[in-house]
2 protein chains.
Amino acid sequence: MTKTPDGKSAEAPTMNDVARRAGVSAMTVSRALKEGSHVSKATRERIAQAINELGYVLDQSAGSLSSRRTGFVAAIIPSINNSNFSDTARGITDALEGTGLQLLLGYTDYSVEREEELIESMLRRRPEGIILTGGAHTDRARRMLQQAGIPVIETWDTPQDPIDKVVGFSNGAAMELLVETLAAKGYQRFGYIGGTTGRDTRGSQRRAGFVRALDRLSLPSDRIISFGVPPISMEQGGQAVVSMLDRWPDTQVALCVSDLSAFGALMECRRRGMRVPEDIAIAGFGDYEIAACCHPRMTTINVDCYGIGRQAALKLTRSIQGTSSDEVEQITLTGFRVVEREST
Amino acid sequence: MTKTPDGKSAEAPTMNDVARRAGVSAMTVSRALKEGSHVSKATRERIAQAINELGYVLDQSAGSLSSRRTGFVAAIIPSINNSNFSDTARGITDALEGTGLQLLLGYTDYSVEREEELIESMLRRRPEGIILTGGAHTDRARRMLQQAGIPVIETWDTPQDPIDKVVGFSNGAAMELLVETLAAKGYQRFGYIGGTTGRDTRGSQRRAGFVRALDRLSLPSDRIISFGVPPISMEQGGQAVVSMLDRWPDTQVALCVSDLSAFGALMECRRRGMRVPEDIAIAGFGDYEIAACCHPRMTTINVDCYGIGRQAALKLTRSIQGTSSDEVEQITLTGFRVVEREST
DNA sequence: CTTACCGATGATAGCGATAACATATCCGGC
DNA sequence: GCCGGATATGTTATCGCTATCATCGGTAAG
């Protein structure tokens, strides 16, 4: 509705209004608005002018009802305030560029219940595909997704029983690699800092990897501080490292569920006059910007967040367009690597 | 579409399918799916069962075409990987809870051109209102928004010439306050670190506030390092402070366009063995989590990011529901305050 | 007992676009 | 001059849902 000078609101112009003004049929307007249709230059210009004069904006919801293509895909991430996931979102956006598909972003605050609600309200809008974070979902969410008949990509994880397709890595294996790398440098007394169990499944898997690797190396794997509701904050990381040193003062290296808690731990240790890594070594997970920039610079695991998003979106568009002959592989594993810096 | 056992895809069930199965008319199903309509308990239950058996999901795009209510509002923020803006998004989400409105989030990467595209593609989906960040938009974007006939809220700023309504604060005044507070503590030689001009208008306004306040105090206001494309990173903040100390070694306090660049500067100074604040004081802007947690803890300006989102969403819903008699005030100013910590 | 009204349901007609088919025009080649 | 095929445009029929009005018992007020 545009406000008319008298203050009342007039109806928004429709395609028919544009058509009438340009002296053509609505169908021709529709064609002129779409790439690659045959509309003569003169007509196209007249239509463009009419659109301009009326301030017409295409109503896509009407269009998609008719064409049965909504032109968007949904992506659900745990948090938008987390550069790892927002990098994934950027990867998705970039890969969608030029496909005519738009991204509809939602965030769950790490709650599978919120995820379920979000999935439901997104499916109501009929996305052409959906990208999820992680492999843990409510039963109802799984059912809804299976019945939706659209491609589903689970990311950031390697679920046992994927709904459809997967782009991710094993969080457990990544943490195992970190433990092994540090053990090879001579560290023996490892501690782990993470949130209380539940909610953050990727965090739980990292913890499980920590335990597995140490057990394999016959090193103690019981120095685990569970603190705060996942995802734990920087502040909580600081508090957790204090508890850890309280309880096991001879801990040599503290591995944290993410760089953010590791950063909190690192700063707290510095604040207490401890030398890092001499008095205590610290490592994180995720290779956030902060890890490369803090002092001392932090050892961490780099995972290809942007690439996860990019590949997920590519897989999704291929699945959407793909005929049955053009099969898309089910699982794509993305890489990770240990980035050794000054903190270990 | 649900995949049938033979691999072919069947059409997704529609409301009519549900109605037939439940032995009622489609209209009754529609009513049963809406709160507060008169449908008998027995009928409601039969419908619920039919929905369950068929795995039916309401098609909202069809519904909104008919009801002329899409049930969502759009919000456009510069970056999702910035806790200030994601706090605003969270404020919006929370305030929208229970209103039946959903949030459609988009991000511009600080580009007004991207913003224009985004606004256009969002308007095509007919949001019931739109929340923008900042007051700088392309002419075409302004025109589209004015003609859309929906409430528009500009946030995080106090534009001279608002499109519709505003929830924000003066970035310039906030920076002036910070300068004054530090000058009162005795600091005289101030430096400023920000991105090269353009793009980040809030950053430019902070810089302008910096200059204004120092001029008023008759202190030198020319120690300005412009470095990198806004928003500047932590790393760039570190590089910038090095240039600053190179050029004006006797600088007493470095003010940064955001906590992130301030953090980079802080860490770089520590890395070079400087004492903060004794050798150089540092302050940021935004009161990010990192400011309270780093060592030394950082002085900064706290702005009520969450409140901005909350109030913007409240204003928006009031404008959407509001009759003309129920006028909504045009401008809401949100507060800010200096948070003094160890770094100054 | 009649009137009025409310609650429960159905029938019908769009919402604003596009798919699919139909029609008209123009072109060059024979 | 006629024909096939491309280009340009129009007509008609939905897409899946909800607004609106109509219908029909039942029930309370007069």
Side-chain angles (χ1 to χ4, degrees), chain A residues 1 10-48 50-51 54-72 100 121 123-128 148-149, chain B residues 1 10-47 50-51 54-71 100 121 123-128 148-149:
Chain A
M1 296 171 285
E11 286 301 305
T14 73
M15 194 172 266
N16 265 314
D17 299 328
V18 174
R20 206 168 313 121
R21 189 170 195 114
V24 294
S25 73
M27 196 61 232
T28 302
V29 177
S30 175
R31 288 196 184 99
L33 253 31
K34 216 166 68 174
E35 304 289 304
S37 330
H38 306 276
V39 176
S40 74
K41 191 135 186 280
T43 309
R44 204 177 277 271
E45 273 162 13
R46 250 179 316 134
I47 291 173
I51 286 177
L54 291 171
Y56 171 73
V57 176
L58 181 68
D59 186 332
Q60 202 161 156
S61 53
S64 42
L65 180 58
S66 177
S67 67
R68 304 159 112 353
R69 293 212 51 202
T70 52
F72 81 93
S121 61
L123 288 181
R124 278 211 238 280
R125 301 190 187 276
R126 298 287 190 269
E128 299 187 29
Chain B
M1 296 170 286
E11 286 301 307
T14 73
M15 194 173 267
N16 264 313
D17 299 327
V18 175
R20 206 168 312 123
R21 189 169 196 114
V24 294
S25 73
M27 196 60 233
T28 302
V29 176
S30 174
R31 289 197 183 97
L33 253 32
K34 213 165 70 175
E35 304 289 303
S37 326
H38 305 276
V39 176
S40 74
K41 190 132 186 280
T43 309
R44 205 178 276 274
E45 273 163 13
R46 252 180 313 135
I47 290 173
I51 286 177
L54 292 171
Y56 172 71
V57 176
L58 180 68
D59 186 332
Q60 201 161 161
S61 53
S64 41
L65 181 58
S66 178
S67 67
R68 302 157 116 354
R69 292 212 50 200
T70 52
S121 61
L123 288 181
R124 278 209 238 279
R125 300 189 188 276
R126 299 287 189 269
E128 298 187 28

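Here is how names work: the chains are called A, B, and so on, in the same order as the sequence lines, proteins then strands, and each is numbered from 1.
The side-chain heavy atoms of A:Arg21 and A:Ile51, taken from C-beta on, include no pair separated by under 4.5 Å. Proximity of B:Asp59 to B:Met15: side-chain heavy atoms (C-beta onward) are nowhere separated by under 4.5 Å. Looking at A:Val39 and A:Val24, their side chains never come closer than 4.5 Å, going by heavy atoms from C-beta outward. Within the 4.5 Å cutoff, no side-chain heavy atoms of B:Gln60 are placed close to those of B:Thr70.
If B:Ser37 and B:Ala62 are placed on DNA chain C by their nearest nucleotide, the residue sitting closer to the 5' end is B:Ser37.
An OP1 or OP2 oxygen of C:dT18 is reached within less than 4.0 angstrom by no side-chain nitrogen or oxygen of A:Ser64. Listed pair A:Ser66 / C:dA17 fails the phosphate criterion, with no side-chain N or O lying under 4.0 Å from OP1 or OP2. Applying the 4.0 Å criterion to OP1 and OP2 of D:dG16, one finds that A:Arg68 has a side-chain N or O inside that range. Between A:Lys34 and the phosphate of C:dA19, there is a side-chain N or O to OP1/OP2 separation shorter than 4.0 Å.
When the nucleotides C:dA17, D:dT18, C:dT9 are ranked by their closest atom to the side chain of B:Thr43, C:dT9 comes out on top. The side chain of A:Leu58 sits closest to C:dA17 out of C:dA17, D:dG10, D:dT18. For A:Ser30, the listed nucleotide lying nearest its side chain is C:dT18; candidates were D:dG16, C:dA8, C:dT18. Closest to the side chain of A:Arg31, out of D:dT9, C:dG10, D:dC17, is D:dT9. For A:His38, counting side-chain heavy atoms from C-beta on, the closest listed nucleotide (C:dG16, C:dT9, D:dT7) is D:dT7. Nearest to the side-chain atoms of B:Ser40 among the listed nucleotides D:dC21, C:dA8, C:dT18 stands C:dA8. Listed candidates were D:dC17, C:dA17, C:dG16. Nearest to the side chain of A:Tyr56 is C:dA17. Closest to the side chain of A:Ser25, from the set C:dG10, D:dG10, C:dG16, is D:dG10.
The CD atom of B:Glu45 sits 16 Å away from the C1' atom of C:dA8 (whole-angstrom rounding). Atom C1' of nucleotide C:dA19 and atom CE of A:Met15 are separated by 13 Å, given to the nearest angstrom. One interatomic measurement links the two molecules: CE of B:Met27 to C1' of D:dC21, which rounds to 11 Å at whole-angstrom precision. The interatomic distance linking B:Asp59 (CG) with D:dT14 (P) rounds to 18 Å, in whole Å. To the nearest angstrom, C1' of D:dG16 lies 19 Å from CZ of A:Arg69. Atom P of nucleotide D:dG16 and atom CZ of A:Arg126 are separated by 9 Å, given to the nearest angstrom. The CZ atom of A:Arg124 sits 10 Å away from the P atom of D:dT18 (whole-angstrom rounding). Atom-to-atom, CD of B:Gln60 to C1' of D:dC15 comes out at 16 Å; the value is rounded to the nearest Å.
Here B:Ser67 lies in heavy-atom contact (under 4.0 Å) with sugar-phosphate atoms only.
Of all heavy-atom pairs between A:Val29 and A:Ile47, the closest is CA-CD1, 3.9 Å. Taking every heavy atom of both residues into account, A:Glu128 and A:Gly71 meet most closely at OE2-N, 2.6 Å.
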